[in-house]
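All of these numbers come straight from a predicted model, not from anything done at the bench.
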Amino acid sequence: MLGLMIGIIILTNTAVLSAVLFLSKRYRKVRRQYEAVHYKLIQLNQELDIARFTIRKLVDREIEHDEVSSNVRCQPTDYGKEAV
């Protein structure tokens with residue numbers, strides 16, 4: 001009877017240890033995948049920030065160009081006046 005109980009305990013411990021090792025291996029694999037995806041997201045976010053900055057600069061430059069162009073068009077000219 002005691003031998004049977006010890007055998008059951010050993011089998012249970014072996015099964016639990018096997019399950020823990022399997023889950024540990026699976027966890028490491030999933031963790032590596034997570035880190036790879038996380039790194040890629042950080043990289044994409046940096047590229048998106050650069051793109052936003054570039055677009056903002058281009059829009060600001062276009063707005064400044066439009067303002068300068070509209071100021072030039074609205075300036076009175078001396079053409080057509082008679083010489084004094």
Side-chain angles (χ1 to χ4, degrees):
M1 185 71 167
L2 184 60
L4 180 63
M5 288 175 63
I6 291 173
I8 291 172
I9 290 172
I10 290 173
L11 285 174
T12 304
N13 286 345
T14 303
V16 168
L17 181 59
S18 296
V20 167
L21 290 175
F22 173 77
L23 291 175
S24 177
K25 184 177 179 181
R26 178 75 178 145
Y27 170 77
R28 284 193 302 267
K29 182 179 178 184
V30 170
R31 178 70 183 183
R32 271 186 259 125
Q33 291 172 344
Y34 166 78
E35 288 173 354
V37 169
H38 183 70
Y39 174 75
K40 187 64 177 175
L41 284 173
I42 289 172
Q43 186 179 17
L44 289 172
N45 195 22
Q46 290 172 344
E47 291 176 12
L48 184 60
D49 287 343
I50 291 169
R52 277 192 210 119
F53 177 77
T54 304
I55 289 171
R56 190 177 307 123
K57 285 294 181 185
L58 289 172
V59 167
D60 289 347
R61 187 179 302 157
E62 187 65 28
I63 289 172
E64 288 174 5
H65 180 272
D66 288 346
E67 288 173 352
V68 168
S69 296
S70 66
N71 286 341
V72 169
R73 278 186 247 127
C74 294
Q75 301 264 340
T77 61
D78 290 334
Y79 298 120
K81 288 187 179 179
E82 293 180 22
V84 178

Exercise. Using salt bridge (charged side-chain N to carboxylate O under 4.0 Å, His left out) as the criterion, list what pairs up with R28, not counting sequence neighbours.
Key: none

Quiz item: Who pairs with T54 by side chain to side chain contact (heavy atoms under 4.5 Å, CB included), at least two apart in sequence or on another chain?
Solution: I50, L58

Exercise. Could you pull out all residues at least two apart from R31 that satisfy salt bridge (charged side-chain N to carboxylate O under 4.0 Å, His left out)?
Key: E35

Exercise. Sequence neighbours left out, what passes side chain to side chain contact (heavy atoms under 4.5 Å, CB included) with L21? Give chain and number order.
Key: L17

Quiz item: Which other residues belong to the hydrophobic cluster containing V20, where Ile, Leu, Val, Met, Phe, Trp and Tyr are joined when side-chain heavy atoms lie under 4.5 Å apart, directly or via other members?
Solution: V16

Quiz item: How far does CD of Q43 sit from CD of Q46, to the nearest 0.5 angstrom?
Solution: 7.5 Å

Practice problem: Report the residues that fulfil side chain to side chain contact (heavy atoms under 4.5 Å, CB included) with V59, sequence neighbours left out, ordered by chain and then residue number. | Solution: I55, I63

Quiz prompt | Pairs satisfying salt bridge (charged side-chain N to carboxylate O under 4.0 Å, His left out), at least one member in residues 36-61, at least two apart | solution = D49-R52

Quiz item: If you link I, L, V, M, F, W and Y whenever their side-chain heavy atoms are under 4.5 Å apart, who else ends up in the same group as V37?
Solution: L41

Quiz prompt | Residues forming a side chain to side chain contact (heavy atoms under 4.5 Å, CB included) with I8, sequence neighbours excluded | solution = L4, T12

Quiz item: Which residues, ordered by chain and number, are linked to L23 in its hydrophobic cluster, where ILVMFWY side chains connect at heavy-atom gaps below 4.5 Å, directly or through other members?
Solution: F22

Quiz item: Remaining members of I10's ILVMFWY cluster at a side-chain heavy-atom cut-off under 4.5 Å?
Solution: L2, I6

Practice problem: Could you name each residue pair satisfying ring-ring contact (aromatic ring centres under 6.0 Å, His included) that touches residues 38-60, not counting sequence neighbours? | Solution: Y34-H38

